[in-house]
Every structure is written in structure tokens, then in C-alpha cells.
Amino acid sequence: MQDVVNVLYRSEDIRQRIREIGHTITEDYENRKPVLVSVLKGSSIFLADLVREIDLPLTVDFMSISAYGGAAEKSGVVRILKDLDQDVGERDVLIVEDIIDTGLTASYLISVLEARDPRSVEFVTLLDKSVRRITPLPIRYSGFDCPDRFVIGYGLDFEERYRNLPFILSVEDYPGLIERPEVLEGFLLEGEPPADLSE
Ligand code: 5GP
């Protein structure tokens, strides 16, 4: 199975790192009421675990975006499919991302939200694929610096599947996984990958 996928982050490592980030955010935003903005769908799992590690009177909100195809895709311009319910004017906004890759989506998002006159806008991402960054981006909180691999699990999908894996895998053979998606079946809810994958 290792020729198709490999274990990158175990669920215990993810839990521990989120606990640390949550405590740092609690300290940094003392006496403030941040609004955590989750970009659907991938970051919803991270958001759910992160908010339970932050001891602040925060609120959450959701945005759904879709990338434009063709040339617009390279510019990072996105279409907003679902906008925020809350007015973020004068608020401390924390954009919650599952992964920041080229940074194009994130830089577009920050420009959209900054135009609404918040008090502050910062990013918290579980994974930072920094080697792929095209546009420089100030990321305040990052879980792990992710290698240049396609990753799945813990909210991250492979053609809409595997978001429910409690750990994160790197896909070593993308066509292989398309051909044999069943290699990942049977241990989705085990909590940890099987031994033959983690050795
Ligand atoms: P960016 O605009 O930073 O290049 O792309 C960000 C989006 O691309 C992420 O929110 C995510 O939806 C998707 N993405 C980038 N890398 C990966 C990856 O390794 N795995 C998965 N499942 N999605 C990815």
C-alpha cells in the first residue's frame, strides 16, 4: 500500500499541534472576540477541533468559494458561492484553512475581507505547503510545513472522498489511487493507519 499512499501526520500528532495552536491563539487574542472564518469544505474538520482548544468568546462563520477555470484560475480569483453571515467590520478575523498551497486563494480571500474594514485579518492553516508558494503571504499560525505532495485526510479530499480519515496521508501514486480507490477502504474509522502503512 505504501507505493500508493504514505502516512504524513498521525491523529495524535494533529491533536497535539492543534492544542498548541489553540493555546497560542487564546493568549494572543486575550480580551478579544475573534471571528473564525472557515473556508468550506476542507477546513471544517480543522475548525471543529481548533475552536474547542480556544478559550475565548469567539464566533464562527463559513464561506464557500469556487475557483474560476482557465486564466482566472492562475490569478487566484474566485467566485463566492456562500458569503459570511456576519459583518466583519471592526472584528478580529482569523481565516481558517486546511492547506495553503500556492497561496493564490488565500491572498484573494484576504483582499476580499480586508475591504470590509475588519480590525485585523490573520491566517491559521493546518498545513503550509510553503515550497509551492507563488504569492507571499503572512501566515500567523501554521500547524505543519507540508512537503510538496498531494495530501488527503482530516478534511482534505481526493475527488470528494477521504475527508473523514482522522490522519493525513500523502498520495505517492495519484493514478494508482484513481485505479484502486479500495486500497483506502476498511480503516477509515480506525483512528490510526494500519501498521503496514506506518512502518
Ligand atoms: P492554493 O490557492 O493555495 O494553491 O490552493 C488552496 C486549495 O487547493 C486548498 O484550499 C485545497 O482545497 C487545494 N489543495 C492544495 N493542495 C492540496 C492537497 O495536497 N490536497 C488536497 N486535497 N487539496 C489541496
Side-chain angles (χ1 to χ4, degrees), residues 4-11 13-14 17-18 21 36-50 60-84 93-114 121-178 181 183-185 188 193 197:
V4 181
V5 291
N6 251 316
V7 183
L8 260 188
Y9 309 108
R10 311 181 135 273
S11 47
D13 301 332
I14 297 170
R17 191 70 191 103
I18 292 176
I21 296 173
L36 274 70
V37 171
S38 163
V39 187
L40 295 169
K41 304 171 199 167
S43 71
S44 57
I45 310 267
F46 176 39
L47 175 85
D49 285 343
L50 180 64
V60 298
D61 210 333
F62 295 90
M63 243 178 143
S64 179
I65 57 174
S66 102
Y68 281 116
E73 191 174 3
K74 291 194 183 69
S75 70
V77 173
V78 298
R79 193 155 50 103
I80 297 175
L81 301 176
K82 186 225 165 285
D83 208 336
L84 300 176
V93 179
L94 258 173
I95 306 175
V96 181
E97 283 276 18
D98 46 357
I99 188 164
I100 296 181
D101 185 17
T102 61
L104 288 173
T105 313
S107 56
Y108 178 74
L109 271 177
I110 205 166
S111 66
V112 166
L113 294 181
E114 271 177 347
V121 186
E122 302 285 356
F123 280 104
V124 50
T125 185
L126 181 64
L127 304 180
D128 180 4
K129 239 192 238 180
S130 57
V131 291
R132 296 248 313 153
R133 196 64 30 80
I134 289 177
T135 166
L137 204 65
I139 301 177
R140 178 99 181 251
Y141 308 98
S142 158
F144 301 99
D145 193 46
C146 180
D148 188 6
R149 290 274 194 288
F150 190 80
V151 296
I152 56 170
Y154 198 79
L156 290 149
D157 74 311
F158 174 80
E159 302 191 342
E160 291 301 327
R161 293 185 62 185
Y162 310 119
R163 293 192 198 273
N164 57 331
L165 283 172
F167 38 80
I168 295 175
L169 305 174
S170 63
V171 179
E172 305 296 328
D173 178 5
Y174 200 96
L177 192 55
I178 292 175
V183 294
L184 288 179
E185 281 168 13
L188 294 185
L197 245 188

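In this text the structure is predicted, and so the values were computed from the model without any measurement. As the structure lists them, so they are numbered: ligands from 1, and atoms in each ligand from 1.
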Heavy-atom cut-off of under 4.0 Å around ligand 1: list whichever protein residues fall inside it, by chain and number. Glu97, Asp98, Ile99, Ile100, Asp101, Thr102, Gly103, Leu104, Thr105, Lys129, Arg149, Phe150, Val151, Leu156, Asp157

Any side-chain heavy atom of Tyr162 sitting closer than 4.5 Å to one from Leu169? no

Just to verify, what does Phe123 make a ring pair (Phe, Tyr, Trp, His ring centres under 6.0 Å) with, not counting sequence neighbours? none

Between Ser44 and Ser38: side-chain donor-acceptor atoms closer than 3.5 Å: no

I'd like to check the side chain to side chain donor-acceptor pair (under 3.5 Å) partners of Asp148; sequence neighbours left out, ordered by chain and number. none

The criterion is side chain to side chain donor-acceptor pair (under 3.5 Å); which residues satisfy it with Ser170, sequence neighbours excluded? Glu172

Is any NZ, NE, NH1 or NH2 atom of the basic residue among Asp98 and Lys41 found under 4.0 Å from an Asp or Glu carboxylate oxygen of the other? no

